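For reference, the structure is listed below as structure tokens.
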Number of protein chains: 2
Amino acid sequence: MKDIARHAGVSQSAVSFALNGRAGVSEETRERVRRVAEELGWQPSTAARALSGEGAATVGFVLARPADTLGVDSFFLQLVSGIQEVLAERHLGLLFQVVEDIADECAVYRRWWAEHRVDGVLVVDPRTDDPRPDLLDELGLPAVVIGGAPEERHPGLSTVWADDAGAMASVVDGLYALGHRRIVHIAGLAGLAHTERRIRTLAAEARRRGLTEVQSVTTDYSDAEGAAVTRRVLGGSAPPTALIYDNDVMALAGVAAASELGFSVPADVSVVAWEDSALCRMVKPWLSALSRDSVEFGRTAARELTALLDGGPARTVRVPVPRLIERDSTGAAR
Amino acid sequence: MKDIARHAGVSQSAVSFALNGRAGVSEETRERVRRVAEELGWQPSTAARALSGEGAATVGFVLARPADTLGVDSFFLQLVSGIQEVLAERHLGLLFQVVEDIADECAVYRRWWAEHRVDGVLVVDPRTDDPRPDLLDELGLPAVVIGGAPEERHPGLSTVWADDAGAMASVVDGLYALGHRRIVHIAGLAGLAHTERRIRTLAAEARRRGLTEVQSVTTDYSDAEGAAVTRRVLGGSAPPTALIYDNDVMALAGVAAASELGFSVPADVSVVAWEDSALCRMVKPWLSALSRDSVEFGRTAARELTALLDGGPARTVRVPVPRLIERDSTGAAR
DNA sequence: ATTAGTGACTAATACGCATTAGGTTGACAC
DNA sequence: GTGTCAACCTAATGCGTATTAGTCACTAAT
């Protein structure tokens with residue numbers, strides 16, 4: 001800016017005013033300064049900006065997962081991609097970190113905020129008993145919880161959530177209509193908010209219809225556990241006629257396990273995957289799946305965060321209910 | 001630091017010396033200052049650090065892929081996870097951005113460097129005719145090219161590469177030994193350096209053995225194209241007896257397509273996937289696959305970058321040759 | 001003719017840290 | 001008793017930007 005000022009024959013402050021669209025310079029000068037800045041290829045130093053109180057122009061994203069669990073999950077990359085799209089428009093950077101567990105994640109938030117490294121964060125995988133909202137509130141760090149529970153609102157936090165309960169109800173509806181009475185839900189990680197929501201909803205739907213042979217089993221989302229649980233429940237005396245898997249990977253592994261046991265899909269057992277991806281069309285039969293737009297989910301979350309950074313109020317936003325794509329893995333109960 | 005200085009009864013400079021392990025303060029004072037800093041929960045402002053010439057304590061990572069291609073690729077998340085592990089030790093942040101194409105990617109590098117947002121970058125998906133190394137050289141932006149060609153070294157760039165040529169040679173060796181003479185390589189994106197390396201190596205190996213019915217077909221890595229190419233080549237008059245897929249997703253889709261056409265794996269056609277993941281054990285038959293440690297790949301790249309940032313020389317480092325895991329999808333040629 | 005006001009600009013300061021140039025004290029040698 | 005040196009510490013400056021407090025010339029109002 002010093003150089004620009006010299007070349008344009010004005011003071012440094014005038015340059016600042018001109019480039020930031022503030023009053024205090026004539027239109028003519030402003031234009032001249034703009035031209036010079038352009039010629040000199042000037043870009044504002046984010047460090048200096050941050051130092052003089054403008055914020056870091058960066059938002060943080062922490063993924064608390066052991067490295068080897070990261071593998072086959074298409075959800076996060078798509079989510080991040082959607083987040084990016086919105087952030088990039090406003091030239092906001094995305095600071096990304098992978099950590100082992102929630103405690104580490106909290107430590108990262110603390111450090112980032114203390115170091116003025118981020119202006120806000122996006123929180124994923126909310127849990128039923130989650131220390132993070134309290135921490136963020138305490139720090140005053142603007143945040144959007146992705147997939148959070150709509151009830152439990154913290155004053156300063158925005159929440160973007162998908163209606164898992166509604167989706168689960170519609171899936172059960174569909175299966176019930178097909179004559180299924182014995183249903184097993186191979187759920188994801190226990191303790192995750194959306195896992196618990198799905199489990200609760202399934203239980204409620206079962207109660208409502210008087211179904212007693214309906215259960216949920218939590219897993220670690222891995223193909224191994226998906227297959228193991230499938231083998232266990234299908235090996236029982238009154239095996240379920242429908243299986244709901246909390247992700248596509250487990251559904252795939254489950255179908256493989258079922259075939260090995262001599263169960264044919266969907267003749268003997270119907271399968272629904274909670275998460276649609278190319279995988280679902282890569283096995284025979286093609287898997288019926290709940291599809292949601294993860295990229296759009298990311299966009300929505302990012303938009304909420306930018307709104308928060310602009311001083312807007314914390315909000316709770318719902319994204320569209322996941323839609324059931326009926327393919328070949330679901331059919332009438334035997 | 002001002003507060004710390006006041007509480008400890010010393011000057012601000014003394015605090016700086018004490019906390020940065022520089023000479024100029026007594027051991028006793030240093031300890032006292034440390035204690036006070038601890039009590040006050042002080043964390044250095046990265047913005048201020050960056051401003052006073054210490055660098056941004058951040059490295060950049062740009063992924064140039066259309067949003068919808070990101071889905072099913074386990075490689076990048078694992079890579080990033082490995083990168084993280086090394087960066088986190090040194091409290092370096094990872095600035096992540098997804099863009100549409102290479103031109104945008106270059107623009108991001110320019111901006112980041114001009115804004116002093118990053119100290120270095122990690123470059124992925126190098127191409128045969130790639131503008132990025134030249135740009136990075138020109139900017140003087142420290143960088144590590146991941147998966148780059150070992151030949152084409154730019155003065156300032158480090159390169160971390162896997163020996164695709166060696167791996168391809170060993171795969172062809174194995175298939176040849178099993179009696180395969182007609183081999184099709186369903187390759188990845190044309191123009192990517194490693195794609196071209198694999199194609200060249202396959203051609204060379206074929207020539208060396210006098211095989212004429214060997215070819216590579218480039219794709220966009222998607223399951224759709226993988227299946228389409230599979231159908232096309234298997235539908236020909238003298239169909240190949242072995243298929244090499246450049247990723248796991250296409251291999252899976254290929255196997256499905258082959259079954260539909262009445263080809264049994266591995267009796268009629270052998271299949272090798274270039275990238276191992278849970279997917280390969282999720283179909284019957286389990287897929288033989290080239291396995292490499294993507295997390296370690298990331299670690300290595302990050303280590304090279306930190307070395308570069310410490311003022312070390314640019315180097316070219318090779319990671320271990322991918323190893324062929326023989327499962328059930330490869331067998332003797334019919 | 002003085003005052004109040006306004007538009008266009010400059011000078012000065014702050015942000016939080018690192019660093020460099022000084023300053024003071026005490027020990028030691030001559 | 002003067003000079004030298006080392007150890008320890010303080011004062012001052014700079015990094016690049018935003019902002020606040022002036023300054024100056026000129027116009028409009030009293």
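No hydrogens, no waters, no symmetry mates; every other heavy atom, side chains included, goes into these values. Below, chains carry the letters A, B, ... as their sequence lines are ordered, and counting in each starts from 1. A quick note: this is a predicted structure, and the numbers were derived from the prediction, not measured.
- Regarding contacts with the backbone of D/dT17, a side-chain N or O of A/Trp42 is found under 4.0 angstrom from either OP1 or OP2.
- Salt bridge status for A/Asp101 with A/Arg65: absent, with no side-chain N to carboxylate O gap under 4.0 Å.
- Where B/Leu51 and B/Ser11 meet DNA chain D, the nucleotide closest to each residue was compared, and B/Ser11 sits on the side nearer the 5' end.
- Side-chain proximity of A/Val10 to the nucleotides D/dT17, C/dT10, C/dA18 is greatest for C/dT10.
- Note: CD (B/Glu54) to C1' (C/dC17) measures 9 Å, nearest angstrom.
- Within the 4.0 Å cut-off from OP1 or OP2 of C/dG16, not a single side-chain nitrogen or oxygen of B/Ser52 is found.
- Spacing between atom CE of B/Met1 and atom C1' of C/dT19 amounts to 11 Å, rounded to whole angstrom units.
- Rounded to whole angstrom, the span from the CD atom of A/Gln12 across to the P atom of C/dT13 amounts to 14 Å.
- Salt bridge annotation for B/Asp130-B/Arg132: present, with a cationic side-chain nitrogen under 4.0 angstrom from a carboxylate oxygen.
- Distance A/Leu19 CG to D/dG16 C1': 13 Å, rounded to the nearest Å.
- For the pair B/Glu115 CD and D/dC15 C1', the computed distance is 17 Å after rounding to whole Å.
- For C/dT10, the OP1/OP2 oxygens have no side-chain nitrogen or oxygen of A/Ser13 closer than 4.0 Å.
- In this structure, B/Gly24 reaches the bases: a heavy-atom distance under 4.0 Å links it to at least one base atom across the strands shown.
- Here the P atom of nucleotide D/dT17 and the CZ atom of A/Arg22 are 16 Å apart, to the nearest Å.
- The residue B/Ser16 sits close to a base: some heavy atom pair falls under 4.0 Å.
- We find that A/Arg299 and A/Glu296 are joined by a salt bridge, their nearest charged nitrogen and carboxylate oxygen being less than 4.0 Å apart.
- When atom types are taken as modelled, the side chain of A/Asp119 and the backbone of A/Ala57 share a donor-acceptor pair closer than 3.5 angstrom.
- Rounded to a whole Å, the CD1 atom of B/Ile4 is 17 Å from the C1' atom of D/dC9.
- Ionic pairing of A/Arg90 and A/Asp310 is present here: one or more N-O contacts between side-chain nitrogen and carboxylate oxygen are shorter than 4.0 angstrom.
- Remark: A/Arg49 is not in phosphate contact with D/dG16, judged by side-chain N or O atoms under 4.0 Å from OP1 or OP2.
- Atom-to-atom, CZ of A/Phe17 to P of D/dT19 comes out at 9 Å; the value is rounded to the nearest Å.
- Residue A/Ser26 places at least one side-chain N or O closer than 4.0 Å to OP1 or OP2 of C/dC9.
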